[in-house]
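Numbers for residues simply follow the sequence, beginning at 1. Remember, it's 1-based here, ligands and their atoms both numbered in the order they're listed.
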Amino acid sequence: MATQYKNLINGQTIDTGEWCDVVNPATEEVIGQVPSCGAAELDQAVAAARAAFKTWSKTPIEERRATIQAVAKVIQENHEELYRLLTAEQGKPHEQAKGEIMGAAYMAGSQATLQLDDVINEDSDQRLSRTRRVPVGVVGGIVPWNFPVMMAMQKIAPAMLSGCTIVLKPSPFTPLTTLRLAELIKDVVPAGVVNIITGEDSLGPLITSHPDIDKITFTGSTATGKKIMEGASKDLKRITLELGGNDASIVLPDADPKKVAEQLFWSSFSNAGQICVAAKRIYIHEDIYDELAAALVEYAKTVVVGDGAQQGTGVGPIQNKKQYERVLELIQDAKDNGYNFLIGGDADPSGTGYYVPITIMDNPPEDARIVAEEQFGPVMPLMKFSSEEEVIARANNSEYGLAGAVWTGNPEKGVEIAEQLETGTVWINEYLHLSPFAPFGGHKQSGFGAEYGQEGLKEFTYPQVITVKKDAVVA
Ligand code: NAD
């Protein structure tokens, strides 16, 4: 029988007697079961979070910091067990799974050092005006399947530091590592401060519309983000939405194809391309297009696609069947339209495991589905450009605005282009670097609000201004 993982409510691990299966995408075998929660369990979790909020919000921030650091330590100490489980449920190769687990610990521990200091607005003979940050209350966190642990901690850590309590829902596709983590941290975190419950997608709208949840922090698709906004509008919950992206990478003619090929490759193919900020459209200047395309193909031939638990695998399977079918559909669409493939494109849906071969497409048109839509898979379209003005317009011609990159021997030129891109993050000569101290968030339909940094932390609070009239005569 598959291992059963329990939920965490009010410091206790619980189950509901009804279970959802979790599948390993490399083998299609059921590797675990998690409780199927509905409105009753959600009510219990929210009530626990509400009760805990009374004391946790008044707990000194230094103590809250120390608790987050203790959670980060638990993650580090158990990283081997956690990353192996993460590979089994998510598909990413061990090395990348380890990166996610250790990264989650590092990001949480670093976020714990952020400050929420009061700000003096006025200190005159007449009055003292001060802004303090007040925790919003009970937070509902909803997480996707591509980075289950990183995204969970990205919500749990700042919620805890701000003085909020949280009810977190992992994706039904990848709840196991988060629930194992819940079990590991239950004696470190005061009861009710962190509650983790699982269920089908239908649990999400119950969280979004729950009358005793004050804020939703969501990472996932733009389509779901819109539903969340609608659900949260009933009682004007605060919301942070980290949504999809269709990020453009721009390679200028002064970049050396041999030096950038490998980095560019991994900016698209890490986590089998299932990263919100993966490079999903690569624009290469015509002067170096052929040479860089050839270097990318040569490098791609050295990368093994397979089970992430096998040593040597570079690209794992797609995480779930629905997404696998979507990526195959995009490849088929490219074939139907006669687009040129430099490598890949020949997936075998009859085999076991949701594997898509590394696929690189040669200069498909701008309105091709593989260019216009977020593919979220190991399929990289390369496009040729001839002028800066043209490529900036093409990069910005998207409903998304999450991130992007410029590759150039001239970083100043890179910055000049970055400032014209309509995205929340732009990297010059690197990729996928997120800092716990810098805000991360999207523009346009990639969402709004931020995570990480001072701005991300403030999203769990509201500003309260207290003004004292110094020269008043009232008594
Ligand atoms: P998804 O929107 O399908 O699901 C995300 C979460 O929302 C899951 O926990 C799901 O159960 C829940 N959910 C589903 N329907 C809901 C509803 N009606 N109300 C409330 N919750 C609901 O997304 P996904 O397929 O898990 O993740 C992939 C998407 O996430 C991609 O578009 C990717 O770009 C995006 N993403 C964005 C970021 C970012 O930081 N901007 C990071 C990672 C992933």
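At the top of the distance list for atom 43 (C) of ligand 1, counting protein heavy atoms only, stands Asn146 ND2, 3.2 Å. In this structure, atom 28 (C) of ligand 1 lies nearest to the protein heavy atom Phe376 CE2, 3.6 Å. The protein heavy-atom contact nearest to atom 27 (O) of ligand 1 is Pro144 CB, 3.4 Å. Scanning the protein heavy atoms around atom 21 (N) of ligand 1, the nearest turns out to be Gly204 CA, 3.4 Å. In this structure, the protein non-hydrogen atom closest to atom 15 (N) of ligand 1 is Thr224 CG2, 3.5 Å.
Not a single N or O atom of Lys280, backbone or side chain, sits closer than 3.5 Å to an N or O atom of ligand 1. Taking distance alone, with nitrogen or oxygen atoms compared against 3.5 Å, Glu374 approaches ligand 1 more closely than that limit. For a threshold of 3.5 Å applied to N or O pairs, the pair formed by Trp145 and ligand 1 contains at least one separation below that value. Remark: ligand 1 and Val143 share an N or O pair separated by less than 3.5 Å (distance only, no angle test).
For the pair Lys321 and Tyr354, the cation-pi test (distance below 6.0 Å, angle within 45°) is failed. Figure legend: Lys322 and Phe173 shown without cation-pi pairing, the cationic atom not lying both under 6.0 angstrom from the six-membered ring centre and within 45 degrees of its axis.
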message = Pair Arg84, Glu80 - check salt bridge (Lys or Arg N to Asp or Glu O under 4.0 Å), show working.
response = CA-CA 6 Å; Arg84 287 178 187 280; Glu80 182 147 357; 3.3 Å; yes
request  = Go through the steps for Asp212 and Arg50 under the test salt bridge (Lys or Arg N to Asp or Glu O under 4.0 Å), then give the verdict.
outcome  = CA-CA 8 Å; Asp212 209 22; Arg50 178 61 60 196; 3.2 Å; yes
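For atom 2 (O) of ligand 1, the choice among Gly220, Ser221, Gly199, Ser446 with the nearest heavy atom turns out to be Ser221. When Ile142, Thr208, Leu243 are ranked by how near their heavy atoms come to atom 37 (C) of ligand 1, first place goes to Leu243. Comparing heavy-atom distances from atom 38 (C) of ligand 1 across Gly140, Cys276, Gly244, Pro148 singles out Cys276 as nearest.
Using a 4.0 Å cut-off between heavy atoms, Glu451 makes no contact with ligand 1 at all. The proximity of Phe173 to ligand 1, defined as any non-hydrogen pair under 4.0 Å, does not occur for either the backbone or the side chain. At a 4.0 Å heavy-atom cut-off, ligand 1 does not touch Ile275 at all.
The closest approach between a heavy atom of Gly442 and any atom of ligand 1 is not below 4.0 Å. At a 4.0 Å cut-off, at least one heavy atom of Phe218 sits close enough to ligand 1 to count as contact. For Glu200, the heavy-atom gap to ligand 1 stays at 4.0 angstrom or more.
Atoms of ligand 1 found under 4.0 Å from any heavy atom of Lys227, numbered from 1 in the order shown, are 18 (N). For ligand 1, the atoms sitting less than 4.0 Å from at least one non-hydrogen atom of Phe440 are 40 (O), numbered in the order shown with element in parentheses. Taking every heavy atom of Leu402 and a limit of under 4.0 angstrom, the matching atoms of ligand 1 come to 41 (N).
Distance check on atom 11 (O) of ligand 1: some protein heavy atom falls below the 4.0 Å cut-off.
Each of Ile392, Val391, Val251 was evaluated against Phe385; a single residue qualifies, Val391, per the side-chain contact (heavy atoms from CB on, under 4.5 Å) test. Under the side-chain hydrogen bond (donor to acceptor under 3.5 Å, both in side chains) rule, Thr217 has a single partner from Arg238, Lys155, Gln154, which is Lys155.
The distance between the ring centers of Phe376 and Trp145 falls below 6.0 angstrom. For an aromatic pair to be called close, the ring centres must be under 6.0 Å apart, and Tyr452 with Phe440 fails this.
In the model, Gln332 has no side-chain atom that pairs as donor or acceptor with a side-chain atom of Arg369 under 3.5 Å. No side-chain N or O of Asn246 forms a donor-acceptor pair with one of Ser398 less than 3.5 Å apart.
Closest heavy-atom contact between Lys6 and Ile14: CB-O, 3.3 Å.
In this structure, Lys384 does not pair ionically with Asp362, as no charged nitrogen and carboxylate oxygen lie closer than 4.0 Å. Taking a cutoff of 4.0 Å between a charged side-chain nitrogen and a carboxylate oxygen, Asp333 and Lys335 do not qualify as a salt bridge.
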